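First comes the structure, then the notes that go with it.
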Amino acid sequence: MKRTLAAFALSSTAVLCAAFPVLADDDKTAAICAEAEDRYVELFGHPSDQEEGVVVVKMYKYNFCPGELVVPVGTTVRWVNVDKRTSHSVIVPNEPESDRAFPEETIEYTFLTVGDQEYLCGPHWETQNMIGMVTVTSK
């Protein structure tokens, strides 16, 4: 009986993972983003949501944290590289690629166009799927 239940549990887990791979990815991304926030606090001495006048997105382990934002038009987003060794850039629609941001460096952009705008990391969007989304709303 124990083997049957164990086999059932394993096969059920396999079916759930196959049916819901996004949930596993969401958990992994949440853990990476929690690490990114811890690293931000370690580097800057306060949580990222305490920055005034900007919305912070951390760049960490080939992820944007958070990966999706909703902000009012006129909002400045500050991407902060909290990785230890990797550089990143940001490409927003209709703009040239930013300079590389090395560890502890930042990139800023003010969103002035309403709508969904996908942005990406120049060196890592194809190989690591490092892509984010900002939805800009009217005030």
Side-chain angles (χ1 to χ4, degrees):
M1 182 75 168
K2 287 183 183 177
R3 284 187 184 172
T4 306
L5 287 175
F8 175 76
L10 287 175
S11 65
S12 296
T13 301
V15 168
L16 287 173
C17 288
F20 300 106
V22 173
L23 295 177
D25 287 345
D26 287 348
D27 289 344
K28 182 180 175 185
T29 301
I32 288 170
C33 288
E35 286 179 30
E37 182 63 20
D38 290 345
R39 179 97 171 110
Y40 187 94
V41 171
E42 177 185 316
L43 293 171
F44 300 102
H46 59 274
S48 62
D49 64 1
Q50 290 183 359
E51 294 292 345
E52 291 189 33
V54 297
V55 173
V56 173
V57 175
K58 282 96 42 207
M59 298 181 286
Y60 186 67
K61 294 187 177 180
Y62 307 111
N63 287 272
F64 290 113
C65 297
E68 296 181 14
L69 295 172
V70 178
V71 299
V73 69
T75 297
T76 298
V77 173
R78 177 182 295 155
W79 290 272
V80 181
N81 184 350
V82 296
D83 269 315
K84 292 184 179 181
R85 295 183 241 326
T86 304
S87 65
H88 300 285
S89 69
V90 176
I91 303 173
V92 296
N94 303 314
E95 295 293 328
E97 182 175 359
S98 71
D99 289 337
R100 292 278 185 109
F102 290 88
E104 301 181 43
E105 293 183 339
T106 65
I107 299 164
E108 289 189 1
Y109 181 78
T110 302
F111 287 89
L112 301 174
T113 305
V114 173
D116 291 340
Q117 299 177 52
E118 189 173 77
Y119 60 88
L120 48 89
C121 175
H124 302 119
W125 73 275
E126 283 184 297
T127 58
Q128 302 294 329
N129 199 35
M130 192 169 175
I131 301 170
M133 173 67 75
V134 61
T135 299
V136 182
T137 62
S138 58
K139 290 186 178 187

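Just so you know, these numbers use all the heavy atoms, side chains as well, and skip hydrogens, waters and symmetry mates. Keep in mind that what you see is a predicted model, and the values were worked out from it rather than measured.
- A donor-acceptor pair under 3.5 Å is absent between the side-chain atoms of S87 and the main chain of R100, judged by distance alone.
- No more than 12 heavy atoms of other residues, nucleotides or ligands shown are found within 6.0 angstrom of CG on N94.
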Checklist line | side chain to side chain contact (heavy atoms under 4.5 Å, CB included) between W125 and E118, worked out | finding: CA-CA 11 Å; W125 73 275; E118 189 173 77; over 6 Å; no
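- For the atom pair OG of S89 and CG of L120, the computed distance is 7.5 Å after rounding to the nearest 0.5 Å.
- With hydrogens and angles disregarded, a donor-acceptor distance shorter than 3.5 Å links the side chain of N81 to the backbone of T86.
- M130 and V82 are assigned to two separate hydrophobic clusters, defined by single-linkage of ILVMFWY side chains at heavy-atom distances under 4.5 Å.
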Checklist line | Pair V92-Q117, side chain to side chain contact (heavy atoms under 4.5 Å, CB included): steps then yes or no | finding: CA-CA 7 Å; V92 296; Q117 299 177 52; 5.6 Å; no
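- Criterion: ILVMFWY side-chain heavy atoms under 4.5 Å apart, direct or through other members. Under it, V70 and V57 are not part of a common hydrophobic cluster.
- Residue D99 qualifies as open at atom CG: its count of foreign heavy atoms under 6.0 Å is 12 or below.
- You'll find the side chain of M59 reaches within 4.5 Å of the side chain of F64, heavy atoms only.
- Summarising the geometry of Y119 relative to M133, their closest heavy-atom pair is CE2-N, 3.5 Å, with the distance given to 0.1 Å.
- The closest donor-acceptor contact from the side chain of D83 to the backbone of K61 lies under 3.5 Å.
- No chain of hydrophobic side-chain contacts below 4.5 Å, direct or via other Ile, Leu, Val, Met, Phe, Trp or Tyr residues, connects V55 to I91.
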Using residues 103-114 as the side-chain source, report each donor-acceptor pair under 3.5 Å to any protein atom, sequence neighbours left out, with the distance given to one decimal.
residue : atom : partner : partner atom : Å
E105    : OE1  : F102    : N            : 2.8
E108    : OE2  : R78     : NE           : 2.6
E108    : OE2  : R78     : NH2          : 2.7
T110    : OG1  : T76     : OG1          : 2.6

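- Counting heavy atoms from C-beta on, the side chains of P66 and C33 never come closer than 4.5 Å.
- Residues V73 and S138 approach most closely at CG1-CA, 4.3 Å, considering heavy atoms.
- A side chain to side chain donor-acceptor pair (under 3.5 Å) check over residues 62-75, counting only residues at least two apart or in different chains, returns nothing.
- Distance check, rounded to the nearest 0.5 Å: SG of C121 to CH2 of W79 gives 11.5 Å.
- For the atom pair CG of D38 and NZ of K58, the computed distance is 10.0 Å after rounding to the nearest 0.5 Å.
- Each of E35, R39, K84 was checked for a side-chain hydrogen bond (donor to acceptor under 3.5 Å, both in side chains) with Y60, and the lone residue meeting it is E35.
- Clustering ILVMFWY residues whenever any of their side-chain heavy atoms sit less than 4.5 angstrom apart, transitively, puts V54 in a cluster other than the one holding V71.
- Note that the CD atom of Q50 and the OH atom of Y40 stand 9.5 Å from one another [nearest 0.5 Å].
- In terms of modelled atom types and a separation under 3.5 Å, the side chain of E37 and the main chain of P47 share no donor-acceptor contact.
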